[in-house]
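These notes concern the structure reproduced below.
Here is how names work: the chains are called A, B, and so on, in the same order as the sequence lines, proteins then strands, and each is numbered from 1. Both backbone and side-chain heavy atoms feed into the values below; hydrogens, waters and symmetry mates do not.
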Amino acid sequence: MAFVQNFPFLSILLSLFSGPLCSILSGKWAKRVNTGVIVTTGVMSAFVLQHVISTGQSYVYQMGHFPAPWGNEIRVGILEAFMACFFCAVMLLCMLGGIREREEQIQESKQNLYYVMVNLLLCSLLALIYTNDLFTAYVFVEINTISACGLIMIRQTGRTYEAAARYMIMSLSGSGLLLLGICYLYAVTGHLLMSNIREQVQFLAQTGQHHLSLMVALGLMSVGLAMKSALYPFHTWLPDAYGYSTLSSSAILSSLVSKGYIFLLIKIFCRVVGFNVVNESKVVNVLFVFGIIGMIMGSLSAIKENNLTRMIAYSSVAQIGYIYMGLGLATEAGIVAGLYHVLSHGATKALLFVAASGLGDASGNSDRFADITGAGLRNKLAGTAFLAGSLSMVGLPMFSGFISKFFFAQAAVGHAHKMFPTVIALALSTILNAVYFMKTVIRIYTPAPEGSVGGRQIGVWEQPAKSAALVCLILLNLILGLNSDPIVRLIQRGFEMFD
Amino acid sequence: MSRKVPEEEYQKTVSCRLKRWLEGAEDPFAEGMEMGRQEPVTESPEAKERREEDEKQLRQRVYDLENNVEIRIFRRFYRVFSVGFCIFLVVMLLAAVSDLPVFGHPENPVNNQVAERYIENGLQETGAVNIVTGMILDYRAFDTLGESHVLFAAACTVLILLRTDKKKEQAEDEDNDRRYEPKNDVILQTVARVLVPPIFIFGIYIILAGHLGPGGGFSGGAVIGAGLILYLNAFGFARTEKFFTAKTFRRVSFCALACYSLAKSYSFYTGANHIESIVPLGTPGAILSSGLILLLNICVGVVVAGTMYTFYAMFRKGNY
């Protein structure tokens with residue numbers, strides 16, 4: 001076994017180990033450890049990616065001395081390694097962009113606990129990506145939920161307490177449903193390992209045994225994960241959680257945490273239940289319908305909002321709707337488009353949150369629409385970044401958002417029943433996106449009226465970390481938008497490896 | 001024949017004090033116990049008015065019931081819909097349960113080669129007499145590693161939420177603590193003095209014998225945590241803070257979790273690369289046997305005990 005094959009396991013263990021380590025360090029050292037861990041795991045994932053691309057094969061890594069159905073194992077393919085790499089990169093940029101906010105908004109003595117939470121979150125995301133065992137996935141979903149709660153409420157204002165309570169209730173009900181689903185699935189198949197469950201499920205589907213409990217299990221798991229990733233009717237926790245928590249938290253939560261659950265759901269569909277069974281059940285249609293409703297309703301709520309960060313948060317509801325719509329198409333092209341949108345939305349949403357905070361800095365730390373008039377002129381880089389992010393969300397060519405919309409449309413064309421709803425929803429949602437993003441862009445580039453107070457000029461070098469994060473995120477967006485071919489091929493190859 | 005005792009001496013005898021206690025004239029515990037007065041809750045008319053005004057404002061400004069159509073519709077349908085939804089969920093889940101394989105039937109899918117190997121080879125392969133421990137700490141140790149970090153993450157979240165660092169708030173917490181909890185309660189202290197050592201020893205026994213019989217880190221840690229909480233209730237924070245503070249908790253948990261991670265990393269690494277592990281399994285049944293399981297049980301026990309105590313202490317008082 002090549003040494004590089006140990007890296008996924010090492011990156012999970014390293015981030016897990018660094019969580020408790022940060023709890024005994026001072027805030028300053030915890031920050032350094034955290035940065036080091038994210039960079040190390042990112043580099044290790046890149047090596048793993050390079051390794052799996054060159055061998056062209058996925059491999060399983062046995063966790064311990066006992067082979068798979070008895071012991072635990074993780075599975076590494078192109079898609080897994082690529083996702084891990086991307087998540088590490090985005091997380092690093094989110095942490096980089098929010099340094100000053102964290103120092104201002106988090107109590108001095110609790111700084112280190114923030115990094116404990118971030119490290120544990122990173123570990124759980126990696127484990128969700130790599131795991132090949134349904135119960136391991138559940139355990140790390142728990143860590144993910146708890147640390148996300150910590151990230152929301154560490155700002156310690158009334159708003160974030162309320163948001164964290166809402167998040168906790170919704171997210172724990174989602175975990176509960178997921179656990180119930182896993183229990184049902186275990187009772188009818190007798191396995192927890194993904195590949196073994198699939199064999200059994202295929203057998204049961206052919207013979208028609210336990211059809212009802214299989215469908216209920218599938219439904220429970222889908223609804224549970226949809227709740228946790230804020231699909232439309234379950235999105236009520238989202239605007240407060242993203243809108244009021246500290247910058248790094250909202251960026252990480254919107255661009256990574258919900259995506260981890262979506263990735264798990266895709267894994268459950270393809271690797272645990274098997275796509276033919278999912279297709280026969282009507283679960284995908286339900287996800288499709290709610291995805292489309294989410295696309296429209298999220299955008300409508302965003303139009304009504306008069307607070308910049310909350311508007312961006314509501315736009316996440318719409319974007320999650322896109323991903324579920326892709327899943328709901330239930331074709332390979334649809335899922336690949338959904339996965340591409342996971343990347344595109346991850347990069348863009350982080351960019352928008354960081355840019356919005358930059359605009360807020362130039363307007364006396366306010367993110368109300370009335371105050372940010374002309375903010376793009378006062379903070380040029382943040383304005384440019386917000387413009388880039390908005391264009392990407394609306395779907396202008398050259399930016400990543402265009403590519404994912406293009407793929408969604410391509411996946412829908414030729415689909416027997418879902419072509420028209422998909423294309424119409426895409427068009428409608430693009431218009432609505434344009435309404436609220438362009439409204440904001442026009443506002444930030446309109447000079448502030450005479451005599452308004454609170455605004456000040458902010459140069460590029462005043463907050464070098466945030467500027468660097470913004471530049472990197474813009475570049476990431478452009479790379480995803482201009483260089484989409486190899487990335488899509490990578491996703492396709494990785495997706496084929498899933499079987 | 002009875003002897004006449006002087007009044008002063010009679011006052012000091014046990015029988016006299018018992019009599020006075022029975023008559024309700026004297027409370028022997030009254031001086032030892034330290035407890036603030038519990039004032040009945042009184043609300044001045046202005047405060048009441050303000051509270052009602054606040055509630056009214058809350059309805060008007062937060063929910064904006066007159067103009068918020070969504071909430072009006074939501075409130076109207078909420079009750080009916082929630083009851084209907086619960087009934088639907090219950091019926092659906094029950095129907096699915098009735099569709100599951102019959103519980104305990106030998107032909108069930110859960111009775112497959114996985115369980116078979118755990119039961120038949122568990123003792124030789126893990127060295128643990130208690131198969132459950134062998135399963136969670138050796139076969140599926142990665143899950144348990146995650147599970148113990150769940151506890152740690154939960155404890156850290158509670159620290160984020162409830163820990164107060166300002167001296168003024170701490171003093172207020174101290175006062176609140178005195179108001180509702182009797183301090184130096186003689187009955188509680190006497191019982192605790194008797195009970196706490198056996199509880200600790202029993203907890204330690206459960207942890208150490210986890211691989212030999214029923215028990216293990218999670219249950220033993222819970223017992224020790226309960227013992228710590230009892231001790232805290234009897235003797236107060238002043239006594240427990242001498243040996244257990246939030247800092248101790250974090251250090252001890254770090255050591256335990258680091259120990260767990262490192263030990264298991266070694267075994268994962270050797271297992272995946274097919275290198276022979278140097279950890280001996282020992283004789284099944286001996287206290288020093290079953291490879292790493294004993295060590296892992298101790299680590300888990302420490303984390304669980306610390307987490308339980310931290311939860312209690314944090315919810316009772318913002319700092320310890």
Under 4.5 Å to a heavy atom of chain B? For A:Leu16 that would be both
Residue from A:Asn6, A:Ile154, A:Val188 scoring the most non-hydrogen pairs under 4.5 Å with chain B is A:Asn6
Residue from B:Ile275, B:Leu100, B:Val97, B:Leu257 scoring the most non-hydrogen pairs under 4.5 Å with chain A is B:Leu100
Under 4.5 Å to a heavy atom of chain B? For A:Met117 that would be side chain
Fill in: A:Tyr59 and A:Gln5 side chains, donor-acceptor separation under 3.5 Å
no
When the 4.5 angstrom heavy-atom criterion is applied to A:Ile24 and chain B, the contacting part is side chain
Q | Between A:Lys304 and A:Ser301, a side-chain donor and acceptor under 3.5 Å | A | no
**OP:** Compare all side-chain heavy atoms of A:Thr145 with those of A:Leu172 and state whether any distance is below 4.5 angstrom.
**Re:** yes
Most contact-rich option vs chain B, by heavy-atom pairs under 4.5 angstrom, among A:His191, A:Gln200, A:Met215, is A:His191
Cut-off 4.5 Å, heavy atoms of chain B, and the answer for A:Val116 is side chain
Would you say that B:Arg250 contacts B:Leu159 through its side chain, given a criterion of any heavy-atom pair below 4.5 Å between the two side chains? yes
Closest non-hydrogen atoms of B:Asp99 and A:His210, given as atom of the first, atom of the second and distance, are O-ND1, 2.9 Å
With sequence neighbours left out, the residues meeting side-chain hydrogen bond (donor to acceptor under 3.5 Å, both in side chains) with A:Glu199 are none
Residues 173-185 of chain A vs side chain to side chain donor-acceptor pair (under 3.5 Å), sequence neighbours excluded, gives A:Ser175-A:Lys228
When the 4.5 angstrom heavy-atom criterion is applied to A:Asn72 and chain B, the contacting part is both
Honestly, the part of B:Thr270 sitting under 4.5 Å from a heavy atom of chain A is both
Going by heavy atoms in the side chains, are B:Tyr260 and B:His149 under 4.5 Å from each other? no
Bottom line for A:Leu193: the part with an atom under 4.5 Å from chain B's heavy atoms is neither
Of A:Val118, A:Ile146, A:Thr160, the one forming a side-chain contact (heavy atoms from CB on, under 4.5 Å) with A:Leu151 is A:Val118
When the 4.5 angstrom heavy-atom criterion is applied to B:Val158 and chain A, the contacting part is neither
Honestly, the part of B:Asp138 sitting under 4.5 Å from a heavy atom of chain A is both
From the list A:Val139, A:Ile74, A:Leu192, A:Leu214, the residue making the most non-hydrogen contacts under 4.5 Å with chain B is A:Val139
Report yes if some heavy atom in the side chain of B:Pro101 is under 4.5 Å from a heavy atom in the side chain of B:Pro109; otherwise report no. yes
Is the backbone N or O of A:Leu121 less than 3.5 Å from a side-chain atom of A:Asn144, with the two atoms forming a donor-acceptor pair by type? no
Honestly, the part of B:Tyr269 sitting under 4.5 Å from a heavy atom of chain A is both
From the list B:Ala256, B:Gly146, B:Ala95, the residue making the most non-hydrogen contacts under 4.5 Å with chain A is B:Gly146
Checked A:Gly219, A:Cys123, A:Ala217, A:Ser109 vs chain B; the most non-hydrogen pairs under 4.5 Å come from A:Ser109
Turns out that what part of A:Leu120 lies under 4.5 Å from chain B's heavy atoms comes down to side chain
By side-chain hydrogen bond (donor to acceptor under 3.5 Å, both in side chains), B:Asn130 pairs with (sequence neighbours left out) B:Thr133
*Find out whether A:Phe140 and A:Leu126 are in side-chain contact, i.e. whether some heavy atom of one side chain is under 4.5 Å from a heavy atom of the other.*
no
Looking only at B:Val150, B:Asn108, B:Leu262, B:Asn111, most heavy-atom pairs under 4.5 Å shared with chain A are made by B:Val150
| message | I'd like to know if B:Asp54 pairs up with B:Arg51 as an ion pair, taking the criterion as any Lys NZ or Arg NE/NH1/NH2 lying under 4.0 Å from an Asp or Glu carboxylate oxygen. | response | no
Honestly, the part of A:Leu180 sitting under 4.5 Å from a heavy atom of chain B is side chain
Looking only at B:Cys156, B:Ser98, B:Cys255, B:Ala141, the option with the highest number of non-hydrogen pairs under 4.5 Å against chain A is B:Cys156
Cut-off 4.5 Å, heavy atoms of chain B, and the answer for A:Ile106 is neither
Comparing A:Cys149, A:Ser213, A:Ser147 against chain B, the one with the most heavy-atom pairs below 4.5 Å turns out to be A:Ser213
Applying a strict 4.5 Å limit to non-hydrogen atoms, the region of A:Phe9 in contact with chain B is side chain
Applying a strict 4.5 Å limit to non-hydrogen atoms, the region of A:Tyr138 in contact with chain B is neither
Q.
Is any side-chain heavy atom of A:Met194 closer than 4.5 Å to one of A:Asp133?
A. no
Bottom line for B:Phe142: the part with an atom under 4.5 Å from chain A's heavy atoms is both
For B:Gly127, is there any backbone N or O sitting under 3.5 Å from a side-chain donor or acceptor partner on B:His211? no
So, the part of B:Ile160 with a heavy atom under 4.5 Å from chain A: the answer is both
Q. Is it the case that A:Thr246 and A:Arg155 place a side-chain donor and acceptor less than 3.5 Å from each other?
A. no
Okay, B:Leu93 and chain A: the region with an atom under 4.5 Å from a heavy atom over there is both
Ranked by heavy-atom pairs below 4.5 Å to chain A, first place among B:Asp143, B:Val110, B:Leu145 goes to B:Asp143
Taking a cut-off of under 4.5 angstrom between non-hydrogen atoms, the residues of residues 112-120 of chain B near chain A are B:Asn112, B:Gln113, B:Val114, B:Arg117, B:Tyr118
Applying a strict 4.5 Å limit to non-hydrogen atoms, the region of A:Asn119 in contact with chain B is neither
Would you say the side-chain atoms of A:Tyr114 and A:Ser249 include a donor-acceptor pair closer than 3.5 Å? yes
Turns out that what part of A:Thr189 lies under 4.5 Å from chain B's heavy atoms comes down to backbone
For a quick check under 3.5 Å, do A:His65 and B:Ser267 share a side-chain donor-acceptor pair by atom type?
no
Given the options B:Phe244, B:Phe315, B:Phe249, B:Tyr309 meets ring pair (Phe, Tyr, Trp, His ring centres under 6.0 Å) only with B:Phe244
*Is a donor on one side and an acceptor on the other found under 3.5 Å between the side chain of B:Ser148 and the backbone of B:Thr144?*
yes
Okay, B:Ala154 and chain A: the region with an atom under 4.5 Å from a heavy atom over there is both
